[in-house]
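So you know, we letter chains A, B, ... as the sequences are listed, proteins then strands, and number each from 1.
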There are 2 protein chains.
Amino acid sequence: MKTKAPTIKLIAKELGVSISTVSRALRDMPEVNPETRRRIMKYAEEVDYQPNMVATSLVNQNSRLIGVIVPNMDYFFASAVKGIDEAAMEAGYTVVISQSNESYGRELANTQRIMGSQVEGLIVSLSSETQNIDHIKKILKRNKPVVFFDRDTPDIRASKVVLDNELGAYKAVKHLISKGCKRIAYLGAEKNLQISNSREQGYLKALKEANMSIDESLIVHGKFEKDNAYLKTMELLRLKTIPDAIFAISDRLALGAYMAIKDKGLRMPEDIALVGFNDEPIMSLLSPSISSVSQPAFEMGKMAARLFIEQLNSGEEFEPRTEIFQPELKIRDSSTF
Amino acid sequence: MKTKAPTIKLIAKELGVSISTVSRALRDMPEVNPETRRRIMKYAEEVDYQPNMVATSLVNQNSRLIGVIVPNMDYFFASAVKGIDEAAMEAGYTVVISQSNESYGRELANTQRIMGSQVEGLIVSLSSETQNIDHIKKILKRNKPVVFFDRDTPDIRASKVVLDNELGAYKAVKHLISKGCKRIAYLGAEKNLQISNSREQGYLKALKEANMSIDESLIVHGKFEKDNAYLKTMELLRLKTIPDAIFAISDRLALGAYMAIKDKGLRMPEDIALVGFNDEPIMSLLSPSISSVSQPAFEMGKMAARLFIEQLNSGEEFEPRTEIFQPELKIRDSSTF
DNA sequence: TTGTAAGCGTTATCAG
DNA sequence: CTGATAACGCTTACAA
């Protein structure tokens with residue numbers, strides 16, 4: 001019943017050979033007598049020997065563990081994590097994951113904890129609260145790879161995998177303009193969120209390009225939450241002249257706006273159009289369905305893991321790289337007149 | 001720039017004390033001279049010393065890593081994983097995660113890989129394909145804790161955290177009956193999925209209790225996918241007399257049914273009522289909103305982690321335990337006449 | 001209070 | 001082809 005895990009030492013003793021021979025045989029090294037190898041393999045099989053990776057990690061100074069910290073597990077990050085896991089698996093790595101719940105304190109604690117688990121580095125997407133990234137810089141100083149994913153910060157020299165957020169927003173707003181919208185609101189999140197800023201830039205760029213005036217009262221920076229987006233939208237809908245379209249920088253926010261619009265009894269898109277960001281599956285199921293800018297989350301996750309591993313293997317002299325993915329606008333009922 | 005991680009050996013040499021003294025000081029052991037301790041702490045702080053958990057793991061024969069394998073990362077599992085992570089964190093554990101994508105082959109490979117990472121055991125939710133669980137039994141034989149989560153199997157003596165699935169289904173169907181539905185279809189998944197069977201039992205129980213006849217043509221076992229559910233629902237809607245209600249054992253399937261019903265131009269609930277399972281957020285946002293049986297995923301995840309850790313600490317003589325959570329029926333438009 | 005030394009399970013170097 | 005032996009970074013008797 002109670003079986004302690006067998007070690008190569010045990011196998012060696014049992015078979016009357018040396019530890020090193022067992023080690024070599026088990027790892028398919030060339031210089032082992034075929035017969036000896038067969039005996040060892042057979043016995044290992046019998047006792048269901050599993051190499052102790054902790055010991056291997058200690059001697060090889062590597063754990064084949066990739067640390068991942070995400071702010072939450074919504075559709076976007078779940079897909080990304082799947083991509084990371086996929087690429088990690090292919091390269092023989094395993095993913096150690098942790099969620100910050102959009103809290104800076106949690107992110108800090110998780111970073112400590114996860115690095116303590118001897119992961120070889122970190123793929124991280126910053127929480128919406130995070131302003132200070134000393135905790136990440138420390139890792140870089142230790143010469144361990146860090147890859148920023150989606151939520152990055154300009155303030156650091158590290159590899160990144162991001163979407164061309166400005167372009168995504170630009171496409172969305174340009175689309176609304178082409179549909180004849182004149183008063184397009186911007187529903188954003190915390191100002192320290194890089195993605196929020198980039199998307200705001202895209203919004204502004206589209207307006208300027210169309211020679212439309214920028215109305216500050218239509219630009220709102222709320223929190224990165226559905227409920228807050230609901231509140232902020234309600235405020236927008238109480239303006240003397242309400243916007244005729246809302247561009248939300250995330251589906252999470254778009255959903256809040258959607259509910260506010262419905263609760264106000266307004267029609268979409270007749271009274272007000274709406275475009276979100278992320279293209280979560282739910283967007284196409286709602287009635288009316290909601291337009292959204294889609295990002296290839298799964299592919300981005302894969303890329304992040306690949307970049308990470310590449311960086312890991314390249315040793316010291318690695319030049320940080322930024323991989324930019326292209327957004328795609330999915331046009332649906334909420335912006336189709 | 002390039003800093004190698006400092007070790008206690010280095011600190012010891014630098015400070016002219018012995019390795020053991022450093023080790024003791026760093027771990028707040030009593031028998032250390034306060035002054036010596038201060039010096040060590042201070043220096044450790046300066047060089048940002050981080051204990052090497054791999055080495056500690058090797059000595060202590062524990063990694064403080066919990067392996068988690070889930071079939072996918074939909075809302076239910078994402079919430080559950082959050083719960084696991086939360087409880088793990090509180091106890092000083094870290095989560096190593098892996099998704100099987102509902103594939104038995106993947107589950108097998110991931111189990112190998114993840115156990116190789118020296119996690120102390122596994123919290124697992126079986127893939128919908130899994131029939132054989134020898135890979136799990138092996139872990140148990142090694143005396144490592146295994147906790148089944150949601151998707152379990154009767155065929156093993158291990159701890160489990162599950163919902164009272166039969167009750168959930170029973171409640172849903174009973175509700176439909178009370179609303180006057182006469183021909184209630186059951187939209188299920190693979191027969192080897194325990195949750196599918198339990199929910200079918202609940203469905204049958206409710207019908208029998210109401211003295212309603214069981215119509216085999218209304219009981220369908222498809223695959224655990226939205227698209228397949230769509231197809232299966234279309235078949236149901238082609239029957240000479242179509243059902244007046246569908247109970248889907250998962251929101252994923254309910255969504256497929258929802259789309260089929262819409263595409264057929266039928267009204268919900270007037271022509272056909274619908275109840276799902278899991279209570280994903282999307283269910284309340286659709287129009288009509290869809291009724292669903294909700295399970296406390298987050299709490300269940302927490303419980304799984306707690307059970308796991310408890311089992312870990314209790315050593316050999318641990319009696320497997322099954323924790324059963326209570327479902328709650330959320331009634332919405334799709335079944336409100 | 002501090003130091004020495006053995007040991008955790010592997011890998012790798014160097015002789016045989 | 002095989003076997004000692006040191007080393008990885010840390011903990012823990014046992015000594016001093």
Side-chain angles (χ1 to χ4, degrees), chain A residues 3-41 43-44 47-65 92 115-120 142-144, chain B residues 3-41 43-44 47-65 92 115-120 142-144:
Chain A
T3 324
K4 260 274 155 277
T7 66
I8 56 173
K9 187 191 259 178
L10 184 146
I11 298 183
K13 193 172 64 182
E14 218 61 31
L15 261 41
V17 293
S18 81
I19 287 181
S20 7
T21 303
V22 177
S23 171
R24 285 192 275 252
L26 257 20
R27 279 177 305 145
D28 275 323
M29 305 210 68
E31 66 278 55
V32 183
N33 180 308
E35 181 46 37
T36 317
R37 158 168 295 130
R38 191 164 26 256
R39 280 176 59 218
I40 294 175
M41 291 303 231
Y43 188 74
V47 298
D48 188 32
Y49 168 80
Q50 302 282 14
N52 183 328
M53 292 302 284
V54 172
T56 313
S57 295
L58 184 59
V59 55
N60 293 339
Q61 303 284 39
N62 74 6
S63 61
R64 298 194 88 76
L65 250 30
M115 292 309 299
S117 307
Q118 296 309 113
V119 299
E120 307 203 25
R142 282 270 187 278
N143 235 268
K144 302 199 174 193
Chain B
T3 323
K4 261 272 155 282
T7 66
I8 55 172
K9 186 191 260 178
L10 185 145
I11 298 183
K13 193 171 64 182
E14 218 61 31
L15 261 39
V17 294
S18 82
I19 288 182
S20 18
T21 303
V22 177
S23 170
R24 286 191 274 250
L26 258 18
R27 277 177 306 143
D28 275 324
M29 305 211 67
E31 68 279 53
V32 183
N33 181 308
E35 181 45 37
T36 318
R37 157 168 297 132
R38 192 165 23 256
R39 281 177 57 218
I40 295 176
M41 291 302 229
Y43 188 74
V47 298
D48 189 32
Y49 168 79
Q50 303 280 16
N52 183 327
M53 293 303 285
V54 172
T56 313
S57 296
L58 185 57
V59 171
N60 297 337
Q61 303 284 41
N62 73 6
S63 61
R64 297 194 87 77
L65 250 31
M115 290 311 297
S117 305
Q118 295 309 112
V119 299
E120 306 203 27
R142 282 270 187 276
N143 235 267
K144 303 199 176 195

Notebook entry, point to check: Base, backbone or nothing for each nucleotide of nucleotides 6-14 of chain C, written B, S, -, heavy atoms under 4.0 angstrom, 5' to 3'?
Noted result: -BBBBBBB-
Next item on the list: Work out which heavy atom in A/Glu120 is nearest to a heavy atom in A/Lys144; give both atom names and the distance.
Entry: O-CB, 3.6 Å
Could you pull out every donor-acceptor pair under 3.5 Å between side chains of residues 22-31 of chain B and any protein atom, sequence neighbours left out?
from: B/Ser23; atom 1: OG; to: B/Arg27; atom 2: NE; distance (Å): 3.4
from: B/Ser23; atom 1: OG; to: B/Arg27; atom 2: NH2; distance (Å): 2.9
from: B/Arg27; atom 1: NE; to: B/Ser23; atom 2: O; distance (Å): 3.3

Notebook entry, point to check: Which atom names give the shortest non-hydrogen contact between B/Arg142 and A/Tyr49, and what distance separates them?
Noted result: NH2-N, 4.1 Å
Note to self: Give me the atom names and distance for the closest heavy-atom approach of B/Val119 to B/Ser63.
What the structure shows: CA-OG, 3.8 Å
Checklist line | Outermost nucleotides of DNA chain D that come under 4.0 Å of a non-hydrogen atom of chain A | finding: D/dC1 to D/dG9
Next item on the list: Side-chain contact test, heavy atoms from C-beta onward, threshold under 4.5 Å: evaluate it for B/Ile40 versus B/Thr21 and give yes or no.
Entry: yes
Margin query: Please find the pair of heavy atoms, one from B/Thr36 and one from B/Val17, that lie closest to each other, and give the distance.
Written below: CG2-CG1, 4.3 Å
Notebook entry, point to check: Between the main-chain N or O of B/Glu35 and the side-chain N or O of B/Asn33, is there a donor-acceptor pair closer than 3.5 Å?
Noted result: yes
Next item on the list: For the residue pair B/Leu15 and B/Ile11, establish whether any side-chain heavy-atom pair is separated by less than 4.5 Å.
Entry: yes
Next item on the list: Under 4.0 Å between any heavy atoms, over every strand shown, what does B/Ser57 touch: base, sugar-phosphate, or nothing? Just pick one.
Entry: nothing
Next item on the list: Using five pairs at either end of the helix from C/dT1-D/dA16 to C/dG16-D/dC1, determine the angle between the two local helix axes and round it to 10 degrees.
Entry: 40°
Checklist line | Listed partners of A/Gln61 passing side chain to side chain contact (heavy atoms under 4.5 Å, CB included), at least two apart | finding: none
Next item on the list: Name all residues meeting the side chain to side chain contact (heavy atoms under 4.5 Å, CB included) criterion together with A/Ile19; count only those two or more places apart in sequence or in a different chain, and write none if there are none.
Entry: A/Ile8, A/Lys9, A/Ala12
